[in-house]
K.L.:
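Structure below; questions to follow.
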Number of protein chains: 2
Amino acid sequence: MTKNQALLDLEIDRNVLADDETLAIVAQALRTCLRDGDKKTLRAFLDSQEPADIATILDTLEAAEALAAMRHVDLYEQAQIFGYLDPEYQIELSDLMGRRELARLMSAMSHDERVDLFKNLDPVAREAVLPGLAKAERDDLRKLASYPEDTAGSIMTSDYATLTPDMTAKEAIEALRNQALDAETVYQAYIIDEERQLVGVISLRDLIVARANARVRNLMDTNPVFIRAEADREEAAQIISRYDLIALPVINGGDKLVGIVTQDDAMDVQEQEATTDFHKVGTVSGLKANVRDASIFVLYRARIVWLVLLVFGNIFSGAGIAFFEDTIAAHLALLFFLPLLIASGGNAGAQSATLMVRALATGDVRMSDWASVLGREFATALLLGLTMAAAVSLIGVLRAGPDIALVVALSMVAIVLVGAMIGMSLPFVLSRLKLDPATASAPLVTSIADVTGVLIYFTIATQVLAMQAT
Amino acid sequence: MTKNQALLDLEIDRNVLADDETLAIVAQALRTCLRDGDKKTLRAFLDSQEPADIATILDTLEAAEALAAMRHVDLYEQAQIFGYLDPEYQIELSDLMGRRELARLMSAMSHDERVDLFKNLDPVAREAVLPGLAKAERDDLRKLASYPEDTAGSIMTSDYATLTPDMTAKEAIEALRNQALDAETVYQAYIIDEERQLVGVISLRDLIVARANARVRNLMDTNPVFIRAEADREEAAQIISRYDLIALPVINGGDKLVGIVTQDDAMDVQEQEATTDFHKVGTVSGLKANVRDASIFVLYRARIVWLVLLVFGNIFSGAGIAFFEDTIAAHLALLFFLPLLIASGGNAGAQSATLMVRALATGDVRMSDWASVLGREFATALLLGLTMAAAVSLIGVLRAGPDIALVVALSMVAIVLVGAMIGMSLPFVLSRLKLDPATASAPLVTSIADVTGVLIYFTIATQVLAMQAT
């Protein structure tokens, strides 16, 4: 017993859970408790931890062990812990549960997490679990599951608190007390009419500050911020961030209130979208899984298409070089500067594209700002190009004499300028074509800049060196 | 009057505010109201809009006009609107205000926004405004301003709600009612002892659900999640996201409660950090301003250092090519495949680096996962390299015959493999050296991969073609 007791004495700081060694010790202690049937220690330990942390610990156990441990907390906390587990692990655990146990757990989960789990279940498991749910829960599941992925509807939850306009503040607080256990957030309550149309919103703060007999009708905000269920989920996150909302009401085609998107879900969306954009700029596309857990094939698939496409893009650079074979054969010294010049155009272009892609994603820059941004990018790129020309012309003189130094300096200015213009314009053009600006990845911009760089360099070289020769 | 009335009739949908044309129309209508002294329309319009939207509209007006318009709403809303304005514009407006007006406005602002403004004021303005503030406000400002940038302390606010353990639920709700106008969030209340040490946390939800005479001591969570003031602000945002908190309490070295970080501020931090990482991967560093507003010099400075560094990196590639000049002169056909091969290594490396940098930033991958991630990256890169070798060897045979096709295919596999290993390892190495992994930018990885690509290609070419020749 003393050995198990050690589990409770462990100073489990939250940051320590990021450390694999501590995790392994905790997991081992949990296993010992389970084997010894030491329910008391187990419960005391689980009660002392946050659900998110318990999920992290369970994630390191075998599914059967995790399930056995989870059964030692009450249903409500089980549902919370379950909600923090990875989707794949949720399914693994679901498969081990009886269908009645699973149905009971799902009834206790928050509505948005329940529908996410439901969507991940295979069709047989779905059919098995449905009879165990109350009719209202089945209807709710079907309704929430019907919204397409990436819409506001797909991330909303239907457990929100509602009031009617004629309630007094006191009655409203009483109503919220009764809804508090079900509702995802009671801090914002939604006022609906007989047709479930959203007529106002009120915060619990305003309700407790108000006189007890004041009417909700006179206290509520009658012009609340809302979103339509079919809108992009990223837009929902942006609205929540912009207006500092705790929750955003979602209405359907008939203007009826159908759900809310909460701030914590908006944070998750924001992080996922940032990751997707980040990946796109590195030409990794459509990777939804965690890099640590993704299979080799999934990683391969997310990367091969762009790699092959870019190879074909670079054939044009090769063809460009081949076209100038005579000039090169006559001045092999030109080759020394080739990687440096074409890389500079690509790098300047990648910088511009990076700035634009992110600014368009966060809304810092809008399509209508195109002209002004282009003008300033031109000026910036000119300064950049001149600085870099100064840097390389010195190397040019030392290594290959003044003629080639002149060619290299002129080429540098032109290549940086063109590269930057390409990098800046591409995100705008993609956006105008209703494509994702993040497709203007650094490697894509680099490939395009490479081709133009080769052409600019050898064209200038051919002209200048021919002039010198005469 | 009818013309001004049109302002109120405008269907100002929130999404429409993203549209410059509508913004210009609204701004013009506001100007007309101001000129005509039509206070009634102005007030009705401003009352119907969210503070964040009013800030967007004011941003398009001249500072003097914006100030005149703002004066038509009450002080509390003025403070809210002001909080949504860009820092530079805040300073511009502050300069136009009398010091008493500014002090009054600052008194009404939320404590964290007030200290941000205070830090941005020039020393003269700071001294001028301090006497207009209450002593408690001055002390609060000095205390909040003392936390270094990028710490949890620098983004916290001091307007939180506190309770004592011996209160009943009813007394606690009454206490929150009295603090509600001040406190940034009353939905989480913090229980402190005589020494202001944090002993527990309770949600308003739990208070309203509890029996009226239950003691806070018995209702509160005695093991709350917290953060130290000197911790990284990014860590605060991650904790809030991980535990789905509305607010995170901040304690100082003496374990005393000194502030809270709210979820909406955490969202802003998350977005800013994602932008910084995004920029770093595109070799744009230290750009804090909005791209649309940044001066040409600021943009130049954020970009030139990396561009020049990378140029010198590429000199090694040039030197590599120069070293193999004999092989190249003998087989000019090799040049055709040069851009394609070295770009492929760089692209595969950029992909790996992108995946790792983001996974390390979000915590999806940890330092200890290094070995397993490396193993799977090797397998993935091998598959990628073989696929790409198959693609290019066809072109090789058609264009330059079987010998060079063989060289190109072998080089492709080796280059992609090495590029991917560099891209994957660099973020880990940087992280181990306590540097920001995001410094492993696509262009940096590409430059390193370029050099190794040149060496690999021409070494293989020299060997294979020499063998064929004998």
K.L.:
Against chain A, label B:F337 side chain, backbone, both or neither, depending on which of its atoms sit under 4.5 Å from a heavy atom there.
P.N.:
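Neither part, no heavy atoms under 4.5 Å.
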
K.L.:
Answer yes or no for B:R205 and A:Y187: cation-pi contact, defined as NZ/CZ to six-membered ring centre under 6.0 Å and angle to ring axis within 45°.
P.N.:
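Output no; distance or angle outside limits.
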
K.L.:
What part of B:D265 is in contact with chain A, defined as an atom under 4.5 angstrom from a non-hydrogen atom: side chain, backbone, both or neither?
P.N.:
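Neither part.
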
K.L.:
Checking B:I208 against chain A: side chain, backbone, both or neither under 4.5 Å from a heavy atom?
P.N.:
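Both parts, backbone and side chain.
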
K.L.:
Can you tell which part of B:L245 gets under 4.5 Å to a heavy atom of chain A, answering side chain, backbone, both or neither?
P.N.:
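B:L245 has no heavy atom closer than 4.5 Å to chain A.
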
K.L.:
Is A:S241 reaching over with its side chain to a backbone N or O of A:A237, donor-acceptor style, under 3.5 angstrom?
P.N.:
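Pair absent, no side-chain N/O of A:S241 close to backbone of A:A237.
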
K.L.:
Would you mind checking which part of B:A210 comes under 4.5 Å of any heavy atom in chain A, side chain (CB onward), backbone (N, CA, C, O), both or neither?
P.N.:
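For B:A210, backbone heavy atoms alone lie under 4.5 Å from chain A.
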
K.L.:
With a 4.5 angstrom heavy-atom cut-off, could you sort out which part of B:F297 is near chain A: side chain, backbone, both or neither?
P.N.:
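Neither part, no heavy atoms under 4.5 Å.
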
K.L.:
B:I342 versus chain A, heavy atoms under 4.5 Å apart: side chain, backbone, both or neither?
P.N.:
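Neither; nothing under 4.5 Å.
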
K.L.:
In terms of heavy-atom proximity below 4.5 Å to chain A, should B:A381 be classed as side chain, backbone, both, or neither?
P.N.:
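Contact with chain A involves no heavy atom of B:A381 at all.
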
K.L.:
Of the backbone (N, CA, C, O) and the side chain (C-beta and beyond), which part of B:S203 lies under 4.5 Å from a heavy atom of chain A, both, or neither?
P.N.:
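Both parts, heavy atoms under 4.5 Å.
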
K.L.:
Heavy-atom distance under 4.5 Å between the side chains of B:L334 and B:L338, does that happen here?
P.N.:
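Not touching, per the 4.5 Å side-chain cut-off.
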
K.L.:
Can you tell which part of B:M367 gets under 4.5 Å to a heavy atom of chain A, answering side chain, backbone, both or neither?
P.N.:
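Interface part for B:M367: neither.
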
K.L.:
By a 4.5 Å heavy-atom criterion (distance strictly below it), what part of B:F316 contacts chain A: side chain, backbone, both, or neither?
P.N.:
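Neither; nothing under 4.5 Å.
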
K.L.:
Please flag which part of B:D206 lies under 4.5 Å from any non-hydrogen atom of chain A: side chain, backbone, both or neither.
P.N.:
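Neither part; nothing is under 4.5 Å.
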
K.L.:
Taking side chain as everything from C-beta outward and backbone as N, CA, C, O, which of these in B:T262 sits under 4.5 Å from a heavy atom of chain A? Side chain, backbone, both or neither.
P.N.:
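The answer is neither part of B:T262.
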
K.L.:
So which of B:E271, B:E377, B:E325 has the largest heavy-atom pair count under 4.5 angstrom toward chain A?
P.N.:
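Among the listed options, the one with the most contacts to chain A is B:E271.
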
K.L.:
Measure distances from B:A379 to the heavy atoms of chain A and classify the residue's part below 4.5 Å as side chain, backbone, both or neither.
P.N.:
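Both parts, backbone and side chain.
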
